[in-house]
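I'd like to ask some things about the structure below.
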There are 2 protein chains.
Amino acid sequence: MAPANAAVKIPVEMPVVEKRVRNRAATEQAILDAAKRLLAEEGFQNFGINAVARGAGCDKQLIYRYYGGLDGLVEAIGTDLGSWVTDRIPDDTGGMFLLTYGDLMERLSMLFLDALRADPLMRRIVAWEVSENSEQVRRLSEARSKALAGWIERMRGSLAPPKGVDAQAVNAMIFAAIQHIVLASAVSDQCSGLALKNGRDWEKAATALKRIVRGVYG
Amino acid sequence: MAPANAAVKIPVEMPVVEKRVRNRAATEQAILDAAKRLLAEEGFQNFGINAVARGAGCDKQLIYRYYGGLDGLVEAIGTDLGSWVTDRIPDDTGGMFLLTYGDLMERLSMLFLDALRADPLMRRIVAWEVSENSEQVRRLSEARSKALAGWIERMRGSLAPPKGVDAQAVNAMIFAAIQHIVLASAVSDQCSGLALKNGRDWEKAATALKRIVRGVYG
DNA sequence: CCAATCTGTCACCGATCGGTGATTAGCAAG
DNA sequence: CTTGCTAATCACCGATCGGTGACAGATTGG
């Protein structure tokens, strides 16, 4: 990538062109990977057929042929997404004994917070969900929330929320807070005046979150 | 240049063209209004020079002349935004006596929730904030958070948060939850499995929110 | 061997984008 | 009326977008 004479145009053709092998499965995977990578790194703003084709190093025609266009490609991403929770979030209690519903929710909150912070693709998708209402996004959103709900159900086991508390609504609030705070931190390192840069900042955020959980569930 | 026999052109002009008056101030206002309207109704996705010019019914050149381009126009929106809080959110206690910090935060939460639900422009801007990191958005974000912080400070009066609680972090969580839940409801009528459609749904959400506030601040 | 099929590439379309120079049209002072 | 200023429009540019039809090269079955 560093020719001695930095002329504007390269006069000779690239000698070794990395001859593209004829392999449909590999190409499909390359397209899917490029799409996920692009979405994670660049966001949904400039996410389009041309960009994905460029990223995958192939012609956009193949995206139409193999995935039926962007819609099909996004749907394929959504299918992959189903395994996100099981991949990125531990499915056990981490050796802890979750005796109360409060224990459970505190742990779920921390796991979800860390997992979301660590996954740029998922962050972009969440941001997409609250920014657009297309069919594409609805599919993604559905796949994500279904996987998430399944995970919570699995972790919950036989623990029941305390009487007199609308656990569904409260939990929605808690997860909403986590999602928004992680999204905000990813673009501006802060949220509502709260710095979210280094580990200590996140310690404070996590503490506040646990405080909230414990305040409701004891 | 302008032959009388313009065969391809439309033969009859639009009968009443609403003859445009030469009035710079009015045009500037029309542009600003169109920009705010477009952003509120269509979102930031298709927000651009051409769209605003179309919406304002003038040539895009005028946007460059009067606002120095989209950036300046967005900045003008941000300036307007400063008065959002004072316009849309009551600045008094609504006749209540806020005796404790918990009273205060409960009331602030409700006010902010209702105000955000009622303001599509502000919702779009919040969604924009968590989706993009351009200079434009940073300006908007700053103006918004500054106005919000000022409002909170004004309402707070001399009430101090209880010792042992990181009020800044906890409040950031609460406001994050409100923002995310309102954004989600605006595009999909739900959030994390919690329906957010009719008034009863919102009652439940508000109750959960108050529960959280009271759980932390008593 | 030929022919059909599959993978991949290329060229091109119309539409829209952001942006800019040149031009027209209304108004007021001289 | 003429002159000058300015609001407003028009015409055009290159770039990029999503989308499609035609074509080239490899693979495979007969």
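Just so it is clear: chains get the letters A, B, ... in the order the sequence lines come, proteins before strands, and each one is counted from 1.
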Tell me whether the side-chain N/O atoms of B:Thr27 come closer than 4.0 Å to OP1 or OP2 in D:dA8.
yes

Atom CD1 of A:Ile63 and atom C1' of D:dG18 are separated, to the nearest Å, by 11 Å

5′-ward residue of the pair B:Ile49/A:Gln61 relative to DNA chain C
A:Gln61

Side-chain (A:Arg124) to main-chain (A:Glu41) donor-acceptor, under 3.5 angstrom:
yes

What's the OH-C1' distance between B:Tyr66 and D:dA8, to the nearest Å?
7 Å

C:dG18, OP1 or OP2 - any side-chain N/O from B:Asn50 closer than 4.0 Å?
yes

Using 4.0 Å as the upper bound for N to carboxylate O, is an ion pair formed by A:Arg24 and A:Glu28?
yes

Could you tell me the separation between the NZ atom of A:Lys60 and the P atom of D:dC17, rounded to a whole number of Å?
8 Å

Would A:Ser134 and A:Glu132 count as a side chain to side chain donor-acceptor pair (under 3.5 Å) here? Give the steps.
CA-CA 6 Å; A:Ser134 63; A:Glu132 204 178 294; 3.1 Å; yes

Using only heavy-atom distances, decide whether a donor-acceptor pair under 3.5 angstrom links the side-chain of B:Arg65 to the base of D:dA7.
no

Please determine whether a side-chain nitrogen or oxygen atom of A:Tyr64 lies at a distance below 4.0 Å from atom OP1 or OP2 of D:dG18.
no

Between atom CZ in B:Arg24 and atom C1' in C:dC27, what is the gap in whole Å?
16 Å

Please state how far atom CZ in A:Phe47 lies from atom P in D:dT16, giving the value in whole angstrom units.
19 Å

Charged N-O contact under 4.0 Å between A:Glu42 and A:Arg37
no

Out of C:dT20, D:dG18, C:dT7, minimum distance to the side chain of A:Arg22 belongs to C:dT7

Given atom CD of B:Gln45 and atom P of D:dC17, what is their separation to the nearest angstrom?
15 Å

Derivation and outcome, side chain to side chain donor-acceptor pair (under 3.5 Å), residues B:Asn171 and B:Tyr217:
CA-CA 10 Å; B:Asn171 292 346; B:Tyr217 294 122; 2.7 Å; yes

Toward the 5' end of DNA chain D, which comes first, A:Arg54 or A:Asp59, by nearest nucleotide?
A:Arg54

Rounded to whole Å, how long is the line connecting atom CG of B:Leu62 with atom P of C:dG26?
15 Å

